[in-house]
Amino acid sequence: MPLEILLAEDNPRDREFLVNALSAYRLTAAIDGEEAIALAQRLDEPLLISDVQMPLLNGIELATQLWRLRPNAKIIFWTQHKDEMYVRALTRIVPAETVYGYVLKNNPAPILVKAVENVFTENQCWVDPQVRPVQARLRQNRDSISDLEFEVLIDIALGLTDNMIAKRRYLSRRGAQSRLRSLYHKLGVGDECNEPALNPRARAVAVALQRGLINAFELEEEERKLKHWLSTSAADS
């Protein structure tokens, strides 16, 4: 009996590619993360291939919920993004000793099949070679952006002032500025922004976009979180 694999993919063309590439397996397709989590809960040991960017429930949120409900689930993230922000998110949510995969959509079908065999059949993690340099950078603690520095990066990308960053992150104003200086240093914009022609906040956001630390899709989600926080803060004050 072929393995049963769940697919979570909102793009019809990409979903068709998955179905054709994995025709040797029993496939059940979901068009968004919410449908996928409902289907996965019916299985004791779900095998899931999921896009990262989806409406209603994105791939990272889907994986977080599924691993909470089914710790033995195996997930392959199938995405067009090798952004550092996604690799960083995965390092936070993947449970210890969990088998998973990360495959970029620009690969041909045989690579996807190889990843499926490694993760779902041989119980081995499979990370796309194009993503491994990003993983290596995150492991270099001296130069990698910490989670706390990432928070203030999001804040300046959303346009928050030092005072508002301090309030949102429960810091003093000096503490917020110290965290920003550390972020600038690790992004390599501290020294170059001694020039009056360059603004360190704007420069940090530009470098972060180039590195894939942030992107427009995720900033939309962060914008929703910010609006919720602002409304909550206003109600409490």
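When reading the values below, keep in mind they use all heavy atoms of this one structure, side chains included, and skip hydrogens, waters and symmetry mates. We count residues from 1, following the sequence as given.
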Undergrad: Quick one: does any side-chain atom of E35 pair with a main-chain N or O of I31 as donor and acceptor, under 3.5 Å?
TA: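 Indeed, once roles are kept as given, a pair shorter than 3.5 Å links the two residues.
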Undergrad: Looking only at atom types and distance, does a side-chain atom of R203 sit under 3.5 Å from a main-chain N or O of V189, one as donor and one as acceptor?
TA: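 No; zero donor-acceptor contacts below 3.5 Å.
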Undergrad: Measuring from atom CG of D32 to atom CG of N58, what distance do you get when rounded to the nearest 0.5 angstrom?
TA: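 Rounded to the nearest 0.5 Å, the CG-CG separation comes to 11.5 Å.
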Undergrad: Find out whether I76 and Y100 are in side-chain contact, i.e. whether some heavy atom of one side chain is under 4.5 Å from a heavy atom of the other.
TA: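 A side-chain contact under 4.5 Å is absent here.
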Undergrad: Within the side chain of W67, is there an N or O that forms a donor-acceptor pair under 3.5 Å with the backbone of V94?
TA: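 Absent.
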Undergrad: If you measure from CG on L158 to CG on L219, what distance do you get to the nearest 0.5 Å?
TA: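 If we round to the nearest 0.5 Å, L158:CG and L219:CG are 6.0 Å apart.
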Undergrad: For a quick check under 3.5 Å, do D162 and Q177 share a side-chain donor-acceptor pair by atom type?
TA: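 D162 vs Q177: donor-acceptor pair found between side chains.
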Undergrad: Grab the two heavy atoms, one from G175 and one from S172, that are nearest each other, plus how far apart they are.
TA: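 Here G175 and S172 meet closest at N-OG, 2.9 Å.
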Undergrad: Under a single-linkage definition using a 4.5 Å side-chain heavy-atom cutoff for Ile, Leu, Val, Met, Phe, Trp and Tyr, are V127 and W78 assigned to the same hydrophobic cluster?
TA: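 No: no chain of side-chain contacts under 4.5 Å links V127 to W78.
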Undergrad: Out of curiosity, does V152 fall in the hydrophobic cluster containing M164 (side-chain heavy atoms, cut-off under 4.5 Å, transitive links)?
TA: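 Yes; tracing contacts between hydrophobic side chains, which count when under 4.5 Å, links both residues.
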Undergrad: Is there a donor-acceptor pair under 3.5 Å between the side chain of T98 and the backbone N or O of P95?
TA: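 Yes: the side chain of T98 pairs with the backbone of P95.
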Undergrad: Kindly indicate, with the supporting measurements, whether the criterion side chain to side chain contact (heavy atoms under 4.5 Å, CB included) is fulfilled by I165 and R179.
TA: CA-CA 10 Å; I165 292 173; R179 199 167 290 179; over 6 Å; no
Undergrad: Taking the side chain as everything from C-beta on, heavy atoms only, tell me whether R169 gets closer than 4.5 Å to L148.
TA: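 A side-chain contact is absent here, since even the closest heavy-atom pair is not under 4.5 Å.
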Undergrad: Please check this pair: side chain of N107 against backbone of L104, looking for a donor-acceptor N/O pair closer than 3.5 Å.
TA: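 Yes; judged by distance alone, with no hydrogens or angles, the pair exists.
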Undergrad: Would you check if D128 and R132 make a side-chain contact, meaning some heavy-atom pair closer than 4.5 Å?
TA: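 With C-beta onward as the side chain, the pair stays apart.
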Undergrad: Students often mix this up, so state it plainly: with edges at 30° and 60°, are the rings of Y102 and F77 parallel, tilted or perpendicular?
TA: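 Ring orientation of Y102 relative to F77: tilted.
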Undergrad: One thing to verify: whether R15 and D51 come together as a salt bridge, which I'm taking to mean a side-chain N less than 4.0 angstrom from a carboxylate O.
TA: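 No, no charged N to carboxylate O under 4.0 Å.
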Undergrad: What are the two closest heavy atoms between I93 and A63, and how far apart are they?
TA: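 Nearest pair, atom of I93 first, then A63: CD1-CB, 3.9 Å.
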Undergrad: Quick check on side chain to side chain contact (heavy atoms under 4.5 Å, CB included): which of L183, I145, D155 does F150 satisfy it with?
TA: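 Of L183, I145, D155, side chain to side chain contact (heavy atoms under 4.5 Å, CB included) with F150 is met by I145 alone.
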Undergrad: Assess whether side-chain hydrogen bond (donor to acceptor under 3.5 Å, both in side chains) is satisfied between D14 and Q80, documenting all intermediate values.
TA: CA-CA 11 Å; D14 289 342; Q80 61 183 336; over 6 Å; no
Undergrad: Mind listing the side-chain donor-acceptor pairs of residues 111-124 below 3.5 Å, one per line with the distance, residues two or more places apart or on another chain?
TA:
residue, atom, partner, partner atom, Å
N118, ND2, K114, O, 2.8
N123, OD1, K74, NZ, 2.0

Undergrad: L57 and L66: same hydrophobic cluster, using ILVMFWY side-chain contacts below 4.5 Å?
TA: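 Yes: a chain of side-chain contacts under 4.5 Å links L57 to L66.
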Undergrad: For the pair E222 and K227, find out whether any cationic side-chain nitrogen is under 4.0 Å from an anionic carboxylate oxygen.
TA: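 No.
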Undergrad: Would you say that N72 contacts R70 through its side chain, given a criterion of any heavy-atom pair below 4.5 Å between the two side chains?
TA: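 Yes, side chains in contact.
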Undergrad: Tell me whether S178 contacts the main-chain N or O of R174 through its side chain, where contact means a donor paired with an acceptor under 3.5 Å.
TA: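 Flag not set: sc S178 to bb R174 has no pair under 3.5 Å.
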Undergrad: Measure the shortest side-chain to side-chain distance between L90 and I60 over non-hydrogen atoms and say whether it is less than 4.5 angstrom.
TA: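 They are in side-chain contact.
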Undergrad: Are L47 and L39 in one and the same hydrophobic cluster, where Ile, Leu, Val, Met, Phe, Trp and Tyr link if side-chain heavy atoms are under 4.5 Å apart?
TA: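 Different clusters: L47 never reaches L39 through Ile, Leu, Val, Met, Phe, Trp or Tyr contacts under 4.5 Å.
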Undergrad: What distance do R168 atom CZ and W229 atom CH2 have between them, rounded to the nearest 0.5 Å?
TA: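 The CZ atom of R168 sits 6.5 Å away from the CH2 atom of W229.
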Undergrad: Compute whether any side-chain donor of one residue and acceptor of the other, for N11 and E9, lie under 3.5 angstrom apart.
TA: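 Short answer, no.
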Undergrad: For the OG1 atom of T64 and the CD1 atom of I37, what is their distance to the nearest 0.5 Å?
TA: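 Spacing of OG1 (T64) from CD1 (I37) equals 9.5 Å.
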Undergrad: Checking R26 side chain against P2 main chain: does a donor-acceptor pair fall under 3.5 Å?
TA: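 Judged by distance alone, yes, a pair lies under 3.5 Å.
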Undergrad: Side chains of L62 and M54: does their closest heavy-atom pair fall under 4.5 Å?
TA: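 Side chain of L62 against side chain of M54, heavy atoms only: contact under 4.5 Å found.
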Undergrad: Indicate yes or no: at least one non-hydrogen side-chain atom of I5 is less than 4.5 angstrom from one of I49.
TA: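 When only atoms from C-beta onward are counted, I49 and I5 do touch, with a gap below 4.5 Å.
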Undergrad: Ion pair present between E149 and K186, side-chain N to carboxylate O less than 4.0 angstrom?
TA: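 Salt bridge between E149 and K186, a charged N being under 4.0 Å from a carboxylate O: yes.
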Undergrad: Any chain of hydrophobic side-chain contacts (each under 4.5 Å) joining L180 to L209?
TA: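 Yes, L180 connects to L209 through the hydrophobic network.
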Undergrad: Please round to the nearest 0.5 Å and tell me the distance separating atom CG of L43 and atom CG of L6.
TA: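 The CG atom of L6 is 5.5 Å from CG of L43, to the nearest 0.5 Å.
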Undergrad: Minimum heavy-atom separation for A40 to P46, with atom names?
TA: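 Between these two residues, the closest heavy atoms are O-CG, 3.5 Å.
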Undergrad: Let me confirm one number: the CD-CG distance from E223 to L230, rounded to the nearest 0.5 Å.
TA: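 Those atoms lie 8.5 Å apart.
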Undergrad: Are R201 and L160 side-chain neighbours, meaning at least one heavy-atom pair lies under 4.5 Å?
TA: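 SC-SC contact between R201 and L160 ruled out.
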Undergrad: Of all the heavy-atom pairs spanning A204 and L153, show the shortest one and how long it is.
TA: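 In this case the closest contact between A204 and L153 is O-CD1, 4.3 Å.
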